[in-house]
Amino acid sequence: QIRLVESGGGLVQTGGSLKLSCAASGRTISDYAMGWIRQAPGKDREFVAGISESNGQAYYKDNVKGRFTISRDISKNTVYLQMNSLKPEDTAVYYCRGSRSIERLEDYSERTGWGQGTQVTVSS
């Protein structure tokens, strides 16, 4: 199974930027749809961004379009999430996610294909 380790979270002011990294092992990310899921305190998990295993096409939640960019470096087996123009409502734990299709990234019942999460806090 694929194993995922996130890094790059932290505290940033409104309007600032952060870049999250997700290092994968055990499997090659080119065989997986990869993405980022976040969970804010007291809220459900929500899909943020994903990248297709087949052609690398990116998908975004509407309220992050134009601010966040997902990318992958297959040679490093790593996925990234560049987050710009951050807002307090972006505050959450961000989880790296890998699954067999873009649609299954939002199958939160899957037990495999999750990182441990990294905290992103945006101060106002």
Side-chain angles (χ1 to χ4, degrees):
Q1 67 185 44
I2 194 167
R3 293 180 294 275
L4 306 169
V5 178
E6 305 96 334
S7 61
L11 174 64
V12 65
Q13 292 185 331
T14 296
S17 298
L18 282 174
K19 186 174 184 177
L20 306 183
S21 299
C22 172
S25 61
R27 294 289 188 272
T28 302
I29 61 171
S30 57
D31 292 335
Y32 283 75
M34 300 297 298
W36 294 90
I37 308 295
R38 70 185 181 188
Q39 187 167 23
K43 295 188 177 181
D44 293 333
R45 281 177 281 189
E46 63 176 4
F47 172 86
V48 176
I51 190 164
S52 169
E53 75 285 6
S54 58
N55 58 9
Q57 183 173 350
Y59 300 83
Y60 298 95
K61 181 179 173 62
D62 284 346
N63 65 1
V64 306
K65 285 180 182 177
R67 299 190 297 124
F68 290 10
T69 303
I70 188 170
S71 62
R72 64 181 182 177
D73 185 335
I74 294 173
S75 67
K76 295 182 178 180
N77 219 28
T78 299
V79 179
Y80 304 97
L81 185 67
Q82 177 68 48
M83 305 186 293
N84 298 328
S85 302
L86 283 162
K87 305 175 181 180
E89 52 263 44
D90 295 318
T91 294
V93 177
Y94 284 70
Y95 296 92
C96 183
R97 177 91 174 96
S99 193
R100 291 299 187 177
S101 68
I102 282 288
E103 293 79 15
R104 289 179 63 178
L105 289 177
E106 295 186 73
D107 182 355
Y108 303 148
S109 68
E110 284 192 350
R111 291 178 174 269
T112 59
W114 293 90
Q116 82 286 355
T118 186
Q119 177 70 46
V120 171
T121 303
V122 185
S123 64
S124 57

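Treat the numbers as computed from the prediction; the structure is a model and nothing was measured. When reading the values below, keep in mind they use all heavy atoms of this one structure, side chains included, and skip hydrogens, waters and symmetry mates.
Contact of the L86 side chain with the F68 side chain is registered, since non-hydrogen atoms from C-beta on lie closer than 4.5 Å. Within the 4.5 Å cutoff, side-chain heavy atoms of I70 are placed close to those of V79. Within the 4.5 Å cutoff, the side chain of E6 has no heavy atoms near those of the L20 side chain.
Among all heavy-atom pairs drawn from N84 and S17, the shortest one is OD1-OG, 2.9 Å. Closest heavy-atom contact between Y108 and L105: CE2-O, 3.6 Å. Nearest heavy-atom pair across S52 and Y59 is CB-CE1, 4.3 Å. Taking all atoms of both residues into account, the shortest heavy-atom contact from S99 to E110 is OG-OE1, 3.0 Å. Scanning both residues, T14 and S124, for their nearest heavy atoms gives OG1-CA, 3.4 Å. Closest approach of S123 and L11 over heavy atoms only: CB-CD1, 4.3 Å.
Here the side chain of Y60 pairs no donor or acceptor atom with the backbone of G66 at under 3.5 angstrom. Looking only at distances, no side-chain donor or acceptor of R97 sits under 3.5 Å from a matching main-chain atom of E106. Distance alone, capped at 3.5 Å, places no donor-acceptor pair between the R67 side chain and the M83 backbone.
Within a 6.0 Å sphere centred on CD of Q116, other residues, nucleotides and ligands contribute more than 12 heavy atoms.
A single hydrophobic cluster is not seen to contain both I51 and Y80; linkage of ILVMFWY side chains at heavy-atom distances under 4.5 Å, directly or through other members, places them apart. Residues L4 and L18 share a single hydrophobic cluster, defined by chaining ILVMFWY side chains whose heavy atoms lie under 4.5 Å apart. V122 and L81 fall within a single hydrophobic cluster, where Ile, Leu, Val, Met, Phe, Trp and Tyr are joined by side-chain heavy atoms under 4.5 Å apart, directly or via other members. Hydrophobic clustering, with ILVMFWY side chains joined whenever heavy atoms are under 4.5 angstrom apart, groups W114 together with V93.
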side-chain contact (heavy atoms from CB on, under 4.5 Å) between Q119 and T91, worked out: CA-CA 8 Å; Q119 177 70 46; T91 294; 4.0 Å; yes
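Note that OG1 of T112 and CZ of R3 are 11.5 Å apart. Values are rounded to the nearest 0.5 Å.
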Under 3.5 Å, which donor-acceptor pairs do the side chains of residues 23-42 form with other protein atoms, sequence neighbours left out?
from, atom 1, to, atom 2, distance (Å)
R38, NE, E46, OE2, 2.5
R38, NH1, D90, OD1, 3.0
R38, NH1, Y94, OH, 2.9
R38, NH2, E46, OE2, 2.9
Q39, NE2, K43, O, 3.1

